[in-house]
Structures are given as structure tokens and as C-alpha cells.
Amino acid sequence: AQKITQTQPGMFVQEKEAVTLDCTYDTSDPSYGLFWYKQPSSGEMIFLIYQGSYDQQNATEGRYSLNFQKARKSANLVISASQLGDSAMYFCAMKAPMNRDDKIIFGKGTRLHILP
Amino acid sequence: EPEVTQTPSHQVTQMGQEVILRCVPISNHLYFYWYRQILGQKVEFLVSFYNNEISEKSEIFDDQFSVERPDGSNFTLKIRSTKLEDSAMYFCASSGYREGSSGANVLTFGAGSRLTVL
């Protein structure tokens with residue numbers, strides 16, 4: 001069975017600091033994809049970053065990077081130089097296997113609060 | 001950036017009433033999805049739809065739920081007889097290539113339809 005675990009229900013971080021949001025996953029499929037989505041208070045789900053299980057390098061998108069440690073089955077999201085607008089709910093998600101339709105399953109999320 | 005559009009943004013209904021939530025997926029996407037998020041909880045998969053039929057559904061997606069693609073652009077979720085526990089945010093998503101995804105398809109979500117059942 002596939003599972004996504006986010007152990008931090010909430011985090012408080014000072015503006016301009018870097019923040020790491022934890023995500024661990026479990027799957028028996030060798031081919032899988034990991035995603036992070038941001039959900040601001042307005043409610044929409046915004047795609048941030050993707051990491052494939054066979055990707056050699058950690059994914060980066062602007063201030064977002066994914067610390068992918070395959071042996072540990074972790075895919076932590078790192079936000080550098082946090083901003084007030086980063087305050088939101090963050091969901092880690094997984095798709096496995098990659099050769100089926102693109103359904104993803106979500107973790108419970110981490111609510112990030114950026115303090116001025 | 002192409003968008004997934006959902007209507008209505010908020011619907012209030014009486015228990016037992018039928019509700020139809022509408023979605024316009026991104027035009028060149030082939031897979032469509034409905035997810036549900038009860039307030040403060042995780043986002044749960046309901047159903048996926050491909051080639052005009054359901055490709056997968058969760059145990060939440062019981063006989064009270066149905067999906068349809070009535071024309072080339074709309075994708076609808078119908079709840080036949082709403083229950084109090086159907087109150088949630090319902091997200092439509094469609095799947096396709098996105099920049100920065102190493103060629104993998106990414107689900108793009110709509111802004112959601114908040115359903116309140118009284």
C-alpha cells in the first residue's frame with residue numbers, strides 16, 4: 001500500500017529564514033513521482049515541485065527545492081528565504097506506479113506560518 | 001498558465017437534495033479527477049476519469065456519486081442525495097505536462113467548490 005506521512009502539523013518560521021517541511025513515503029513500486037502542493041487560505045491547490053524516483057538530481061524551482069533521499073524514502077521540501085506569502089498549508093503527494101493514470105495521494109499536510 | 005475552472009465556488013444545499021458541481025479541465029488534458037477535502041483534513045481521492053469512463057474510484061465514491069463528461073469541455077460531479085457529511089471542498093483536477101516536472105504529468109487543480117449541506 002502507498003502512504004505519505006507528514007509529521008509536522010504546524011510550523012512557525014521567522015521571515016527570511018529557510019524552512020524544511022518533512023515528508024516520508026512508502027511504496028513498493030520502483031517507479032514513482034513525488035509532488036508538493038501549496039494551499040493558501042483562499043483554498044486553491046498550487047503545484048510547486050516534482051521529483052521522479054529515477055531523477056538523478058534533486059528538483060529545484062526558484063526558492064523551492066526538494067531534498068530527495070531515496071534510501072530513507074523522504075522527500076522534504078525546502079523553502080529558502082521565506083516570505084510572508086509563504087504562509088499556507090503544504091501537502092506532499094505521491095503517484096505510484098508511474099505507468100498508470102495520474103492519480104496522486106496526499107499526506108495530511110503541514111501548516112506553515114511565516115512570522116514578520 | 002492554463003487553468004481548471006470550477007463552478008460554483010460555493011453552494012449551500014439542504015440534506016437530501018441533488019447537487020451538480022461543474023468543472024472545465026485544461027483543454028488538451030486527458031485524465032480528469034475529483035478530490036474532496038473535509039474542512040481541516042487531508043485531500044482525498046474520489047474518482048478518476050479517462051476516455052469517457054471511470055478509470056478508478058475510491059471507497060468514498062459510492063452510489064450517491066456519479067461523474068459525467070456531457071460535452072467536450074465540461075466534467076461534472078453529481079451527488080444524488082446529499083448528506084451532512086458531504087460538506088467539504090471539492091476539487092476538480094486534470095492531468096498533463098507542466099514545466100518543471102521532468103516530463104511527468106502533473107495534476108492541475110481548480111480553485112474548488114465548497115459544498116455546505118444543511
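Note: hydrogens, waters and symmetry copies are ignored here, and every other heavy atom, side chains too, is used.
Among all heavy-atom pairs drawn from A:Phe91 and B:Lys42, the shortest one is CE2-CA, 4.4 Å. The shortest heavy-atom contact between B:Val106 and A:Phe35 is CG2-CE2, 4.0 Å. In terms of heavy-atom proximity, B:Phe91 sits nearest to A:Gln39 at CZ-NE2, 3.4 Å. Across B:Leu107 and A:Tyr37, no two heavy atoms sit closer than the pair O-OH, 2.5 Å.
In the hydrophobic clustering of this structure, B:Ile79 does not group with B:Phe45; members are Ile, Leu, Val, Met, Phe, Trp, Tyr whose side-chain heavy atoms approach within less than 4.5 Å, directly or through other members.
Expressed to the nearest 0.5 Å, how far NZ of A:Lys103 lies from OG of B:Ser58 amounts to 8.0 Å.
B:Asp62 CG: more than 12 foreign heavy atoms inside a 6.0 Å radius. The neighbour count for A:Gln57 CD, taken as heavy atoms of other residues, nucleotides or ligands under 6.0 Å away, does not exceed 12. Within 6.0 Å of NZ in A:Lys16 there are 12 or fewer heavy atoms belonging to other residues, nucleotides or ligands. The number of heavy atoms from other shown groups lying within 6.0 Å of NZ (A:Lys73) is above 12. Atom CD of B:Glu18 has more than 12 heavy atoms from other residues, nucleotides or ligands within 6.0 Å. Around the CG atom of B:Leu39, the shell of radius 6.0 Å holds no more than 12 heavy atoms that belong to other residues, nucleotides or ligands.
Taking A:Gly43, A:Ala93, A:Gly33, A:Gly109 one by one and counting their heavy-atom pairs under 4.5 Å with chain B, the maximum is reached by A:Gly43.
Looking at B:Tyr50, neither its backbone nor its side chain comes within 4.5 Å of chain A, counting heavy atoms on both sides. Looking at B:Gln6, neither its backbone nor its side chain comes within 4.5 Å of chain A, counting heavy atoms on both sides.
By the 4.5 Å heavy-atom criterion applied to side chains, A:Glu44 and B:Phe109 are not counted as neighbours.
Remark: the backbone N or O of A:Ile104 is paired with a side-chain donor or acceptor of B:Tyr35 at under 3.5 angstrom.
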